[in-house]
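Only heavy atoms go into these numbers, but all of them, side chains included; no hydrogens, no water, no symmetry mates.
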Amino acid sequence: MRLVPKTLFVAMLAATTALTAPSVALADAERLVVDLVNEPTTLDPHLQWNPDSYYVYRNIFDNLLTRDDDGQIVPQIATEWEQVSDTETVFTIRDDVLFHDGSPLTAEDVVFSVQRITDPEFGSPQLSQFESIIDAEVLEDGRVKLTTATGYPALFAQLVKLSIVPKAVVEDLGREAFNLAPVGSGPYRFDSWQRGVEVALVRNDDYWGDAGAFPAAVFRAVPDASTRVANLTSGASDLVVGMDPDLALQLEAADGVSPLSALTERVAYLSVNRAKPGLDDVRLRRAIAHAIDRDLLVEGLLGGFDSPVGQMLTPAHVGWVEGLEGVPYDPDAARALIAEIGDPATRPLGFATSPVFDQRIVQALQQMLGDVGLTVEIEMTDMATYLQKSQSAPEDAPDMGFGRWSCACQDADGVLYPLLHSSSSWSRVRDDDLDALLESARSEMDPDARQALYAQVHEWVATEVPQVPLYQAAILYGASDNLDWTPTSNESLFLNRMGWSE
């Protein structure tokens, strides 16, 4: 039974304007109602992977592989796989899966999905995650062979994100029509999409795997965080995303609802541009790192939900080195280095940010650097401008910038390669020795040897300080106490892994 009957809430709703979503009147125990921050950008799984899109489409589609609730890579559409060489892997494909239109999912659909997402002309924003794959083919027995350009141990971590789409339907409908009426094989089927309001799904009763507990689910766009909290506490929704620590703490005092959190694979960091005057001196970059109190950021501003880290990964990643602390907080050492540098350390440093980031963190970093004698000027722009500047050539990029990086793969290659390798538009580093380390690590098939290579990368970062790692970000939800669900580090909302508690 629900603590707050939604039928009672709906009866009261006619006299209030607190909620405007037209679906509220239909909410009952048969439907899970989820409040997102924004509506999905797309429901085509190969065209986007922002959180609000992913939360919805991941329930419509199955992926080649998936992760269980402990974060381990496990079968989904592929039942097993064999590494036949460093560059070739053969996957056995399930023969009992139907798409929502009743057609069987086959090896041809898997190959089509791989070829679609790796086609540069298709323009998937996920292309960089799969560009190591150079060939996909159907074998005579219905298995699928994937070939990579070199050994690529992160392949399976990336394939966790590969959704399988029906070749015939996509080719028949075309790109735009498929996005408006997506057909997958997942535990929930697409039902409707009211733009700017909600996406409705219904349970796939013919699903080959674990069935969902809810006959229907609705994902609503509710941009205002306080409105999301009001919806939850009143019983109009069952699960809300995008909580900040203050709102999460408010929920602890409310009846029938609770905050839920999980440490993610998302790492927060301060980028420091080695190509800029003054910052080209490693002593100034080390002074910046010494000035930052990670523990104070986490405990003082983030409610203790997040966790300080001293390397550009989190414990959720392959490649994390236990016990490596990085540059320690030492403001006296920072002041000494700045005094040693003299005039080159006196110029104002630009600090790029965007409203999407927590400005309390940005301002706290500014103050910490100011406390050791540096002048920092915050440069606020919209997110599009921020991203454009962040991907500029090093000499044109900002002096510093705040970022939170996730590859959604839980592998070091998805973080360290794009942020540090000279070929990446995100990188401010141009160093041949580091490039060689990163290239070796991404192709090394021996796990112990690969871990040793990443340890060298971490040591390089701690010495050269192109970034200052800050904390492992937590994701915060609010949920009805009647919802039986435990959030995980991969930030997924798998509806068929949720249920109503007794």
Side-chain angles (χ1 to χ4, degrees), residues 45-46 49 54 63-68 70-78 80-91 110 113-114 117-118 124-136 144-163 264-267 311-321 405-427 434-458 460-461 472 488-492:
H46 298 164
W49 62 320
Y54 176 79
N63 286 12
L64 191 65
L65 307 176
T66 192
R67 289 187 185 271
D68 62 19
D70 294 323
Q72 300 302 306
I73 297 173
V74 295
Q76 192 157 61
I77 291 303
E80 58 185 8
W81 47 92
E82 179 186 4
Q83 191 99 33
V84 296
S85 73
D86 283 355
T87 60
E88 296 175 308
T89 307
V90 174
F91 297 86
V110 174
S113 299
V114 173
I117 206 167
T118 57
S124 172
Q126 302 176 55
L127 175 62
S128 64
Q129 309 292 315
F130 298 101
E131 61 187 358
S132 65
I133 302 172
I134 60 173
D135 191 30
V144 167
K145 184 171 76 171
L146 299 184
T147 303
T148 55
T150 64
Y152 187 55
L155 176 66
F156 304 113
Q158 302 290 17
L159 290 175
V160 164
K161 297 176 290 184
L162 178 67
S163 295
T264 71
E265 60 135 35
R266 197 177 298 274
V267 59
Q311 52 192 288
M312 285 297 298
L313 291 179
T314 76
H317 289 95
V318 171
W320 168 264
V321 177
W405 190 272
S406 170
C407 66
C409 64
Q410 299 180 221
D411 190 279
D413 181 68
V415 180
L416 300 178
Y417 198 93
L419 288 180
L420 296 172
H421 194 274
S422 61
S423 66
S424 171
S425 63
W426 293 100
S427 175
L434 179 62
D435 282 353
L437 272 178
L438 292 166
E439 290 161 11
S440 296
R442 76 170 352 197
S443 60
E444 176 57 64
M445 301 301 290
D446 178 82
D448 292 336
R450 188 170 188 245
Q451 185 73 6
L453 289 166
Y454 280 125
Q456 293 181 58
V457 174
H458 294 314
W460 191 96
V461 172
Q472 178 183 14
T488 60
S489 60
N490 59 20
E491 303 182 48
S492 297

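Interatomic distance, CD of Gln410 versus CD of Gln72, reported as 9.0 Å (0.5 Å rounding). The CG atom of Leu437 lies 13.5 Å from the CZ atom of Arg442; values are rounded to the nearest 0.5 Å. The CD1 atom of Ile117 sits 4.0 Å away from the OG atom of Ser124 when rounded to the nearest 0.5 Å. The line from CZ of Phe130 to NZ of Lys161 is 5.5 Å long, rounded to the nearest 0.5 Å. Atom CG in Leu127 sits 10.5 Å away from atom CD1 in Ile133 (nearest 0.5 Å). Going from atom SG of Cys407 over to atom NE2 of His317 covers 4.5 Å, rounded to the nearest 0.5 Å.
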Give the intermediate values and the outcome of side-chain contact (heavy atoms from CB on, under 4.5 Å) for residues Thr66 and Val74. CA-CA 5 Å; Thr66 192; Val74 295; 3.5 Å; yes
Could you walk me through whether Asp135 and Leu146 satisfy the side-chain contact (heavy atoms from CB on, under 4.5 Å) test, starting with their C-alpha distance in whole Å, then the side-chain angles of each, then the deciding distance to 0.1 Å, before giving a yes or no? CA-CA 6 Å; Asp135 191 30; Leu146 299 184; over 6 Å; no
Walk me through whether Glu265 and Ser406 qualify under side-chain hydrogen bond (donor to acceptor under 3.5 Å, both in side chains). CA-CA 6 Å; Glu265 60 135 35; Ser406 170; 2.4 Å; yes
Could you give me the CA-CA distance, side-chain angles and deciding distance for Val84 and Thr89, then say whether side-chain contact (heavy atoms from CB on, under 4.5 Å) is met? CA-CA 6 Å; Val84 296; Thr89 307; over 6 Å; no
Check the pair Val461 / Leu420 against side-chain contact (heavy atoms from CB on, under 4.5 Å), numbers first and verdict last. CA-CA 9 Å; Val461 172; Leu420 296 172; 3.8 Å; yes
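For His458 (side chain) and Gly319 (main-chain N/O), a donor-acceptor pair under 3.5 Å exists by modelled atom type. Counting only distance, with no hydrogens or angles, the side chain of Gln76 and the backbone of Asn63 share a donor-acceptor pair below 3.5 Å. Side-chain atoms of Ser489 do not come within 3.5 Å of backbone N or O of Thr264 as any donor-acceptor pair. Checked by atom type and distance alone, the side chain of Ser443 pairs as donor or acceptor with a backbone atom of Glu439 at under 3.5 Å. Within the 3.5 Å criterion, the main-chain N or O of Asn490 finds no donor-acceptor partner in the side chain of Arg266. Using a distance-only test at 3.5 Å, with no hydrogens or angles considered, a donor-acceptor pair links the side chain of Asp446 to the main chain of Ala449. Panel note: side chain Asp411, backbone Asp413; a donor-acceptor pair is recorded below 3.5 Å. A donor-acceptor pair under 3.5 Å links the side-chain atoms of Ser85 to the main chain of Glu88, judged by distance alone. Side-chain N or O atoms of His421 include one that pairs as donor or acceptor with a backbone N or O of Ser423 at under 3.5 Å.
Minimum heavy-atom separation, Trp320 to Gln311: CZ3-CG, 3.1 Å. Nearest heavy-atom pair, Ser113 versus Leu162, reported as atom, atom and distance to 0.1 Å: O-CD1, 4.1 Å. The two residues Leu65 and Ala78 have their closest heavy-atom pair at CD2-CB, 4.0 Å. Heavy-atom minimum distance, Leu313 versus Ala412: CD1-CB, 3.6 Å. Between Cys409 and Arg67 the shortest heavy-atom distance is O-NH2, 2.7 Å.
At a threshold of 4.5 Å between non-hydrogen side-chain atoms, the residues Glu444 and Pro153 do not count as touching. Using a 4.5 Å heavy-atom threshold, the side chains of Val415 and Val267 count as touching. Using a 4.5 Å heavy-atom cutoff, the side chains of Tyr54 and Ser492 are in contact. Side-chain atoms of Met445 and Gln83, non-hydrogen and from C-beta on, do get closer than 4.5 Å to each other. Within the 4.5 Å cutoff, side-chain heavy atoms of Thr148 are placed close to those of Ser132. The shortest side-chain heavy-atom distance between Trp81 and Val90 does not fall under the 4.5 Å cut-off.
In the model, Ser427 has no side-chain atom that pairs as donor or acceptor with a side-chain atom of Tyr417 under 3.5 Å.
Relative ring orientation between Trp426 and Trp405 is described as perpendicular, the plane-to-plane angle rising above 60° on a 0-90° scale split at 30° and 60°.
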